[in-house]
4 protein chains.
Amino acid sequence: MREKIINTSIALFGAHGFRETSIEDITKELGVTKGTFYYYFTNKEDVLMHIHLRFIEGLLEQQKAILDNQSKTNQEKLHDNVQMVIRNIRNGVQSAKVFFREMKHLNEHHTSKVLPKRHEFQRNIQGIIQRGIDEGEFRRDLRADMLSFAVLGVANWSYFWFEPDGEVSEDQLTDIYMRMIIEGIQTKGGEIDE
Amino acid sequence: MREKIINTSIALFGAHGFRETSIEDITKELGVTKGTFYYYFTNKEDVLMHIHLRFIEGLLEQQKAILDNQSKTNQEKLHDNVQMVIRNIRNGVQSAKVFFREMKHLNEHHTSKVLPKRHEFQRNIQGIIQRGIDEGEFRRDLRADMLSFAVLGVANWSYFWFEPDGEVSEDQLTDIYMRMIIEGIQTKGGEIDE
Amino acid sequence: MREKIINTSIALFGAHGFRETSIEDITKELGVTKGTFYYYFTNKEDVLMHIHLRFIEGLLEQQKAILDNQSKTNQEKLHDNVQMVIRNIRNGVQSAKVFFREMKHLNEHHTSKVLPKRHEFQRNIQGIIQRGIDEGEFRRDLRADMLSFAVLGVANWSYFWFEPDGEVSEDQLTDIYMRMIIEGIQTKGGEIDE
Amino acid sequence: MREKIINTSIALFGAHGFRETSIEDITKELGVTKGTFYYYFTNKEDVLMHIHLRFIEGLLEQQKAILDNQSKTNQEKLHDNVQMVIRNIRNGVQSAKVFFREMKHLNEHHTSKVLPKRHEFQRNIQGIIQRGIDEGEFRRDLRADMLSFAVLGVANWSYFWFEPDGEVSEDQLTDIYMRMIIEGIQTKGGEIDE
DNA sequence: GATGAATGAGTGTTCATTCAT
DNA sequence: AATGAATGAACACTCATTCAT
């Protein structure tokens, strides 16, 4: 039941928003009464926090697996990160929407639980880039912190427009994005002039 | 007064969200009564739509000036677009937050007024990229549509984290982003091997 | 303008009710602003009272002409009264609706101006019946007061269902009603047995 | 509680009108909060419809019992109908007031539930009269449809003025009304002249 | 004569939350 | 583990009315 409530909440929060979804919307969908909700969760925000935690912890876990893989270059790790984010957004658009849009509804206490993990995720990407710079894979003249935001922007923004059933698959999209990020979009000819 | 209401609404919607801001919050801030609000706007959504329209129409206007400039290369036009978006977000973070997060509160009729303009903005960027490809400025093996989303992701995402008073200026940020987008982040040495 | 406001008010109060009609509804219909309304009337109820007064005073005036006619029998006077009421309702259904349904919105002071006239109208009909009884035209075993309510009920109720464009004319209707009231609906054969 | 809310609503709607009665008026009278009202009814109109339905369905039920009685003449059935209407109005003046005055507040959907029943009630009376005509009880030269409106007008109008504690009882009133309707108010001598 | 801006009290409705059972 | 009744605070919106111009 706990699980059911969370999943229904994700669907409804994602589709209509946190404030726009009432406890009754959730319980009606499940065929139970409001009391049931309060048996499993202390309040509405409680579910929201679980959705946030589940999402970011899932990302961090997958990110950890990528980071721990010693055999890959930083470029490959960056690729895997982008691919993983896109895959997660595609598989759980509603979760992603809740994650990106509805954080302001967490109170200070809950925010202090979620925000550090969000930062950790970003800093891990920054770390990959920095190491790439240090090890000569990536150019020195760009800041790793800003680039991490750029990479995240590219990947995360897909929650805004990506249609799971669209003609472009998540792998194709990752490929295009990574070519841009790694190689740039200008023609090689353009480089001759440099 | 109309103007005052819009500006206060931007500030409050941006800071706390559309649903979280009550009409009374707005009017109290202005030292007028609720009736005044309804004298100038038919309802809450009405202000929201004006905020949306004003923002996107501002972007489109600036974009038009960039597009109309015959003397610039596509690369330069892309640069100007990114710079312009970042500048707009920086100068009106709250407007941007409302614009990116609170569109679901527009009804169908209002959405049909705003959405086409959002698409127009994106397609114009896509157009620059496509022309860059056709004219040999940009590589042929990447899709212009997906790249436009990538560029928008990079630029727009800054509304999520950019601090106007931070150490990085909008021009520095634009520069870093554009170098990544145009040239890629890998070292030149890497290209030698290709 | 005063006249225009009254007429528009009759139309709107009749169609949607007093409370359901806003001052703005009235002034919008006339293409003027709310201020104009308050230039001609002290408040909303003020118009309502004028509608009431105009209607009942019109009825009383016409009734006076009927009563003053010395050459007619009481039966004929009753007939003329019924005919007159039906004609008035037909010619001003909206006025009639306001008159019968919206008196509760008058305050005590206004009620004390209108109510006595309504009573006067009813008592005048009662007077005709009573004189008819006294002069041997009408039967003695029925109470004039109750009969006046019966006659009024028959005539007034038409405001509830009468369609001005219906197949039955006001004269036909008056004829049927008066035959019932004067002669009753049973067959004459029934009277033979008495 | 549902029942309590309905009864209080009848009392208040009847005394002051539907629009003039606020939900708070109702709940305050019952010593509960507004929320309670909305637990039992979806909105204000919802109660109104139940009042309407209860009233008209009560009338139809009683009318059915009268119609089904094979041993009575049409004249007697008409009598019973009039008596029944007057009794209902007397026992529930407030219900009657709501029923006759506040139907415009029902929306289209609700109206379509109530109106057919009102028509059914009228047509049943028309049916009694028509059968009376066909079977020779009532005169042929008057239209059954118009007469049904006349009878209803006589009986219904009592909601407008009838005082339950007045000197005239409902049976006396029925008697006077029925004599008028059946026999007419003119003296037998008057008929000699015909 | 008429306008436009502003008021302020009121009203229907929503909804997260509580709690006895 | 779940229900159903009840709460109470909040909120969007309406509208009669005022008044300086």
Side-chain angles (χ1 to χ4, degrees), chain A residues 1-2 4-5 18-28 30-48 105, chain B residues 1-2 4-5 18-28 30-48 105, chain C residues 1-2 4-5 18-28 30-48 105, chain D residues 1-2 4-5 18-28 30-48 105:
Chain A
M1 177 56 61
R2 235 186 111 77
K4 276 186 185 174
I5 291 175
F18 178 74
R19 267 302 285 274
E20 289 65 35
T21 304
S22 71
I23 307 281
E24 214 174 349
D25 289 339
I26 299 167
T27 54
K28 226 174 216 163
L30 290 169
V32 295
T33 57
K34 276 191 271 188
T36 307
F37 179 92
Y38 283 93
Y39 180 76
Y40 291 101
F41 295 93
T42 61
N43 55 36
K44 201 179 166 188
E45 205 196 310
D46 192 18
V47 209
L48 184 62
H105 297 105
Chain B
M1 178 54 64
R2 232 186 114 79
K4 276 185 186 174
I5 291 175
F18 177 75
R19 266 302 283 276
E20 289 65 34
T21 304
S22 72
I23 306 286
E24 219 173 347
D25 289 340
I26 299 168
T27 53
K28 232 172 211 165
L30 290 168
V32 295
T33 58
K34 271 191 277 187
T36 305
F37 178 93
Y38 284 96
Y39 181 76
Y40 291 99
F41 296 93
T42 60
N43 53 39
K44 203 179 165 187
E45 203 195 311
D46 191 18
V47 209
L48 184 62
H105 297 105
Chain C
M1 177 57 63
R2 232 186 114 78
K4 275 186 185 175
I5 291 175
F18 177 74
R19 268 302 284 275
E20 289 66 35
T21 304
S22 70
I23 307 281
E24 215 176 348
D25 290 338
I26 299 166
T27 53
K28 225 174 216 164
L30 291 168
V32 295
T33 57
K34 278 192 271 190
T36 308
F37 179 93
Y38 283 95
Y39 180 76
Y40 290 101
F41 296 93
T42 60
N43 55 34
K44 201 179 166 188
E45 204 196 310
D46 192 18
V47 210
L48 184 62
H105 297 104
Chain D
M1 178 54 63
R2 233 186 113 79
K4 277 185 186 174
I5 291 176
F18 178 74
R19 266 304 283 273
E20 289 66 34
T21 303
S22 71
I23 307 284
E24 216 173 349
D25 290 339
I26 298 167
T27 53
K28 234 174 208 163
L30 290 168
V32 295
T33 58
K34 273 194 275 188
T36 306
F37 179 93
Y38 284 95
Y39 181 75
Y40 291 101
F41 296 92
T42 59
N43 53 37
K44 203 179 165 187
E45 203 196 311
D46 192 19
V47 210
L48 183 63
H105 297 105

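Below, each value reflects all heavy atoms present in this structure, side chains not excepted, and no hydrogens, waters or symmetry copies. Convention: sequence-line order gives letters A, B, ...; per-chain numbering from 1. Since we're looking at a predicted model, the values are computed, not measured.
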Apply salt bridge (Lys or Arg N to Asp or Glu O under 4.0 Å) to A:R19 and list each qualifying residue two or more places apart in sequence or on a separate chain. B:E20
Check each of D:T27, D:V32, D:T33 against D:L30 using the side chain to side chain contact (heavy atoms under 4.5 Å, CB included) test, and report the only one that passes. D:V32
On a heavy-atom basis, which atom in C:F18 and which in C:H105 lie closest, and how many Å separate them? CD2-CG, 3.3 Å
Filtered N/O pairs between nucleotides 12-15 of chain F and protein, under 3.5 Å:
unit_1: F:dA12; atom_1: OP1; unit_2: B:K44; atom_2: NZ; d: 2.8
unit_1: F:dA12; atom_1: OP2; unit_2: B:I23; atom_2: N; d: 3.0
unit_1: F:dC13; atom_1: OP2; unit_2: B:Y38; atom_2: OH; d: 3.0
unit_1: F:dC13; atom_1: OP2; unit_2: B:K44; atom_2: N; d: 3.0
unit_1: F:dC13; atom_1: N4; unit_2: B:K34; atom_2: NZ; d: 2.7

Mapping D:G31 and A:T33 onto DNA chain F by nearest heavy atom, which one lands closer to the 5' end? A:T33
Excluding sequence neighbours, so at least two apart, what forms side chain to side chain donor-acceptor pair (under 3.5 Å) with A:E24? none
From the 5' end of DNA chain E to its 3' end, which nucleotides mark the outer limits of contact with chain B, defined by a 4.0 Å heavy-atom distance cut-off (strictly under)? E:dG4 to E:dG10
Secondary-structure string, 5' to 3', Watson-Crick or G-U under 3.5 Å, | for another-strand partners, for DNA chain E: .||||||||||||||||||||
Roughly how far, to the nearest 0.5 Å, is the CD1 atom of A:I23 from the CG atom of A:N43? 8.0 Å
How many angstroms lie between atom OH of B:Y38 and atom CD1 of B:I5, to the nearest 0.5 angstrom? 11.0 Å
If the C1' atom of E:dG1 is compared with that of F:dT21, how far apart are they to the nearest Å? 13 Å
Is the phosphate of F:dA2, meaning OP1 or OP2, less than 4.0 Å from a side-chain N or O of A:Y39? no
Is D:D25 reaching over with its side chain to a backbone N or O of D:T21, donor-acceptor style, under 3.5 angstrom? no
Can you list everything that forms a ring-ring contact (aromatic ring centres under 6.0 Å, His included) with A:F37? Sequence neighbours excluded, please. A:F41
